[in-house]
Amino acid sequence: MLKLDVNNLGKRFGARAVFEDISFSLECGQSLAVTGPNGSGKSTLLRLITGLLVPSSGKVNFTENKKKLDFDQYRKRLAIVAPYLSLYSSLTAAENLKFFAEVDGRRVERNDIDNLLAEVGLDGRADDFVSAYSSGMLQRLKYAVALLKNPDILIVDEPTVNLDENGKGIVRDIISARRKNAIVIIATNEKEDYPLADNICQLGGQGMGGR
Amino acid sequence: MTAVIIMAFTMPSPMSSEFSLGPVDAYRIFYFHVPVAWVAVLAYMVAMIQSIRYLRTKDIIFDIKAVSANRLGLLFSLMAVITGSIFAKLTWGEFWNWSEIREVSIFILLVIYGAYFALRSALPDREVRATMSAVMTIIFAVSALFLIFILPRIYPAFSQHPTDSIVDEQGRLTMSPMVLVIFSLSMIAFTALFAWMYSLTVRLERFGRKVISR
Amino acid sequence: MPTTSVNWAVRVWAVVRKDLTTEFRTRYAFNAVVMFAVVTLTMISLSLGLNEPSKPVLASLFWVVFFFAAMSGLAQVFVREEEAGTAPILKLSSSGSVIFFGKMLFNLLLLTILAVVIIPLFIVFFETAPANWPLFLVGLLSALIGLAGSTTIIAAIISKATVKGALFTVLSFPALMPLLVAAVEITSVSFVGGGFEEILAPLQLLVAFDVVMITLSVMLFDFVWRL
């Protein structure tokens with residue numbers, strides 16, 4: 001059973017503490033939506049959990065059947081979609097997907113890539129350069145890259161940003177499909193995204209009460 | 001503590017005429033130059049040990065200790081280069097000689113300390129800064145070892161310097177007993193001075209960071 | 001999704017190929033490096049005028065030009081990832097050693113291209129060719145491996161810094177001192193036309209430096225890369 005434990009987590013940038021003493025835990029099949037005003041540390045929390053930032057205090061642990069997973073073990077099963085992540089703009093969408101698969105030790109064929117792109121509604125755009133993609137298309141492509149891993153841990157910062165109605169529908173399908181057998185964490189301020197998670201926690205202002 | 005230091009500074013004056021070359025008084029600087037250079041190297045060793053401990057534990061206290069050692073190292077290597085230049089000018093007639101291994105080594109050490117602090121000032125995040133500077137400290141140390149090893153091999157005629165100040169060609173000590181006593185005292189005093197300044201700097205650094213993080 | 005596993009070399013090669021494709025399409029590092037080499041060579045040649053420097057001086061000049069030209073391009077492997085915002089997703093997509101060796105190989109290729117550009121220019125500008133080519137090439141190759149091997153981790157370190165280019169040179173110079181000393185010595189012997197036994201000591205040290213620095217970098221790379 002895959003489990004995430006966050007203990008007394010805190011992060012400060014220079015003199016400013018973003019937040020302090022956050023603790024919660026999630027098991028496979030549980031999901032959490034983090035909300036809070038701008039600057040309350042939603043993205044910082046997500047990046048700390050992902051291992052992209054080092055905490056100033058406290059710990060983030062992924063365990064499987066009580067055994068601690070190291071970074072290399074859990075990153076294989078973790079995917080993140082976030083506005084501050086970029087893909088290679090001088091490569092085409094297909095080249096991006098092929099690279100991220102191969103560098104992670106997976107071989108993909110061309111029709112796998114086409115299927116994946118169709119799943120996020122980008123059929124026929126495989127050979128376009130990512131630099132020519134619109135922001136909504138980019139967001140869809142990020143989901144395609146995340147799905148490449150078939151993740152057990154899915155972390156999404158602002159899930160529906162830049163997306164049209166059709167795109168929002170696709171994203172909700174993707175997240176709902178994972179919720180049952182993965183750990184899902186989303187950060188959002190869109191009320192309509194709240195149903196995507198079982199629990200909601202509020203960052204900033206009052207203390208942290210997520211469970 | 002202070003007594004030992006004062007002694008080291010006053011004792012050397014009577015004895016100096018044992019040496020064969022250079023003006024007699026010039027050799028007083030020897031009592032300072034060699035211990036200062038030794039402390040500069042010692043500081044780096046301390047910084048390296050603390051850096052390895054930081055990488056193992058990720059406990060920020062070891063970063064504080066490493067920076068403190070490096071601060072002192074920068075200060076002492078600067079003093080060693082200055083006293084060394086004066087020493088060299090008085091004995092060989094020139095301030096700097098690139099074919100002398102100890103001179104080159106201490107200069108490289110100074111450059112390394114400079115590079116270390118240049119790196120730190122360019123990294124805003126505390127955890128990133130601590131890790132990056134610890135890694136760089138280790139890389140520099142290994143590279144410096146190579147340099148000390150490689151130079152004499154490539155230029156066999158390397159050492160024109162202290163064949164007569166500490167050891168002769170056969171590697172025997174050439175100091176008179178009196179000079180040896182003062183020299184050893186000075187070495188001990190400077191090492192003690194370093195230990196004392198180190199503990200002060202560590203406390204200061206910790207205090208400074210607490211104030212900032214309030 | 002397909003999960004046929006791919007072996008380690010294929011993953012490293014994926015990084016190299018991705019960087020080569022990007023480089024080929026943008027000329028991000030290549031133009032800077034080559035132009036830097038041409039400019040410095042021209043400047044030295046002009047300032048020397050009719051003076052004819054000795055062969056050991058020429059050997060030093062060769063490495064001065066090479067070092068600074070290399071410094072202008074080698075950091076790009078990580079600076080580009082950091083500036084384009086692609087570093088985080090790359091971090092989550094592969095293990096540290098794959099990234100390290102991929103980036104190192106790419107830098108080695110970049111240095112090889114740089115050597116191919118500099119050497120003919122150097123011969124034309126200074127009318128000096130190595131008298132002992134095999135010696136020269138052996139020295140050059142082991143120096144290039146060490147140069148790529150020890151600067152890759154430094155490139156990763158400075159990619160997080162607020163000032164990048166200048167800091168890269170400042171950090172690389174003390175770390176590369178032994179390599180440069182040995183490389184100048186070997187090149188000097190090859191210009192004069194000495195035999196293999198004359199470069200034995202520096203070459204041994206150069207190879208030892210390469211091995212130790214690459215091993216050390218691999219050991220330390222995860223600390224740097226995971227931040």
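FYI, side chains are in, hydrogens and waters are out, and symmetry mates aren't considered; it's all heavy atoms of this structure. Below, chains carry the letters A, B, ... as their sequence lines are ordered, and counting in each starts from 1.
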B/Ala43 to B/Gly73 - nearest heavy-atom pair and separation: CB-CA, 3.6 Å
Interchain contact, C/Leu167 with chain B, by part (heavy-atom threshold 4.5 Å): side chain
When C/Val163, C/Val224, C/Leu176 are compared by non-hydrogen pairs under 4.5 Å with chain B, the top option: C/Val224
Centroid-centroid under 6.0 Å between C/Phe101 and C/Trp8 rings: yes
Qualifying residue for side chain to side chain contact (heavy atoms under 4.5 Å, CB included) with B/Thr57, from B/Asp59, B/Ile60, B/Ile61: B/Asp59
Ring centers of C/Phe62, C/Phe126 separated by less than 6.0 Å: no
C/Leu216 portion near chain B, given a 4.5 angstrom heavy-atom threshold: side chain
Per-residue contact mode, C/Ile153 against chain B (heavy atom under 4.5 angstrom): side chain
Region of C/Val212 that comes under 4.5 Å of a non-hydrogen atom in chain B: side chain
C/Met219 atom CE: more than 12 heavy-atom contacts under 6.0 Å: no
C/Ala166 versus chain B, the contacting section by heavy-atom distance below 4.5 Å: neither
Neighbour count above 12 (heavy atom, 6.0 Å) for C/Arg226 CZ: yes
Segment of B/Leu119 engaging chain C (4.5 angstrom heavy-atom cut-off): both
